[in-house]
Amino acid sequence: MNCFQKEIETLPRKEIEAIQLERLKWTVNYCYNNTEFYHKKLTEAGVFDGSKIKQLSDIQYIPYTTKDDFRDNYPFGMMAVPMKDIVRLHASSGTTGKPTVGVYTKEDLDIWSDCVARVAMAGGVTADDIIQISFGYGLFTGALGLHYGLEKVGAMVIPASSGNTEKQLMMMRDFGVTGLVATPSYALYLSEAIKDSAYPLSDYKLRLGILGSEPCTPEMREQIEKNMGVFVSDNYGMTELGGPGVSGDCPVRDGMHFAEDHFLPEIISRETDEPLGEGEVGELVVTTLTKKGMPVLRYRTKDVTKLTYEPCACGRTHARMSKTMGRTDDMLIIKGVNVFPTQIESVLISMDHIGPHYQLVVTRENFKDSLEIKVELVNADLLESYGELDKLKRRIEDKLKSVLGLQTKVTLVQPKTLERFQGKAKRILDLRNQ
Ligand code: ADP
Ligand code: ZN
């Protein structure tokens, strides 16, 4: 078993929960005493210093923290230590508005890289690996998070950052890169560039893709694996919780293992905000258990997923979350039907003659919403035959209708004409409120 902290990652459930309870009590007390924001919130909720927390389910007495709380207290309002104890600042990429800020003490950074090292080793990384980090370096937690975690494993890290495809591929070949860290969309882009380049796949030593920071359907993963000859593992995290390392795939890939000694996950109903049980799909809520710089109680991630506590065939015992369907922000409501882009992606990638790149355009005319899906043909010759083109278009629309329960309009476009992404993909163009 390729494991970074085996004793912890395979602890019996009871012992994990005992650690969580002790650390939850500590965190509540710490938040109450060290941040004005939580002091007020916990006082109003009657939780105060946490002496009321006797068992894990008592977490329900603690109010949720939202992205708006981070924005309202931007940049340092939720910090729990004096500025002199902070050694690093990161901020979100701001996909959905004003960035949120995360700050770290020395100890936070150390724990963070432990968590990332776990995810990396669970994904197959060893000290022999040479890993190219093609996440954009900067305020984004992804690049430096993976950087220090991979160094802790003992792998050699190449801080390539994103951009300049030719150079990315040259570095991979020249330095004998065995693993790529990137977003799934950038990995897909690079994998197609390899296919199109003069150098065959045998000129590369790639064997691992450690991908994360946006949803990746199993179909997309398969495409990347096929193009690049790698084994892909998915990892999940966010700025508000400190970055990557919150959860990640093991070789079984039947859900991403949480670092449960550092993060306490829950699932709540998106409709009622009430806690849901194991296996039920809802919004992921996470409480940090060891963070000192900016601890977070019951953070509503907006990511839709489910949890299982069943021990995994890999031997790890920490809870697993399923691949997310996406964030609630990305969920489109078209004619009253809820649609996640990942559902569309799964359908598109499983069909012949079209490529994995797509764009979703939502419009409103005469108070009626419609969803257009632009997708690339693999072979431009098809554009010559109206009959064939129309047949393919209808086939895709029918398949989408059976999966989504919604009539969509598919537009087939020339190969390689849709935008490619070097970071997180932006595939939705919502023109309804313009
Ligand atoms: P921003 O909110 O600006 O994109 P972050 O980098 O903090 O900034 O993004 C965190 C979000 O990215 C998560 O809440 C989630 O929606 C998404 N995300 C991160 N990793 C994954 C993953 N492995 N699978 C699906 N979504 C992910
Ligand atoms: Zn596992």
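For this chain, numbers begin at 1 and follow the sequence in order. Order of listing sets the numbers, starting from 1, for every ligand and every atom in it.
The backbone of Glu214, and not its side chain, has at least one atom closer than 4.0 Å to an atom of ligand 1 (non-hydrogen atoms only; backbone = N, CA, C, O). Contacts between Thr239 and ligand 1 below 4.0 angstrom, taking non-hydrogen atoms only, involve backbone and side chain alike. Contacts with ligand 1 closer than 4.0 Å are made by side-chain heavy atoms of Arg327 only, the backbone lying farther away.
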Which side-chain N or O atoms in residues 81-88 pair as donor and acceptor under 3.5 Å with protein atoms at least two apart or in another chain?
residue	atom	partner	partner atom	Å
Arg88	NH1	His90	NE2	2.9

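A side-chain donor-acceptor contact under 3.5 Å links Glu225 to the backbone of Val232.
Taking every heavy atom of Thr324 and a limit of under 4.0 angstrom, the matching atoms of ligand 1 come to 25 (C), 26 (N). Counting the atoms of ligand 1 from 1 in the order shown, those under 4.0 Å from a heavy atom of Gly237 are 10 (C), 13 (C), 19 (C), 20 (N).
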Going through the checks in order, is the salt bridge (Lys or Arg N to Asp or Glu O under 4.0 Å) test met by Glu283 and Arg298? CA-CA 11 Å; Glu283 179 178 345; Arg298 300 192 93 195; over 6 Å; no
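One finds the CZ atom of Phe175 at 10.0 Å from the CD1 atom of Ile130 (value rounded to the nearest 0.5 Å). The CG atom of Asp261 lies 7.5 Å from the OG1 atom of Thr290; values are rounded to the nearest 0.5 Å.
Within the cation-pi definition used here (under 6.0 Å to the ring centroid, within 45° of the axis), Lys25 does not qualify as a partner of Tyr30. Taking the centre and axis of the six-membered ring of Phe4, the NZ or CZ atom of Arg118 falls outside the cone set by 45° and 6.0 Å. Judged by the 6.0 Å distance and 45° axis criteria, Arg253 is positioned over the aromatic ring of Phe231.
The six-membered or imidazole ring of Phe135 lies away from that of Tyr186, with a centre-to-centre distance of 6.0 Å or more.
For the Zn ion (ligand 2), protein N, O or S atoms under 2.8 Å: 4 in total.
The shortest heavy-atom distance from Lys67 to ligand 1 is under 4.0 Å.
For a threshold of 3.5 Å applied to N or O pairs, the pair formed by Thr141 and ligand 1 contains no separation below that value.
The option from Ser247, Ser213, Gly326 that lies nearest to atom 18 (N) of ligand 1, judged by heavy atoms, is Ser213. Distances from atom 14 (O) of ligand 1 to the heavy atoms of Thr100, Asp303, Leu241 put Asp303 nearest. Nearest to atom 9 (O) of ligand 1 by heavy-atom distance, out of Lys302, Lys424, Met238, Lys323, is Lys424.
Closest non-hydrogen pair, Ser162 versus Ser134, comes out as CB-O, 3.5 Å. Shown here for Arg270 and Phe340, the closest heavy-atom pair between the two residues is NH1-CZ, 3.9 Å.
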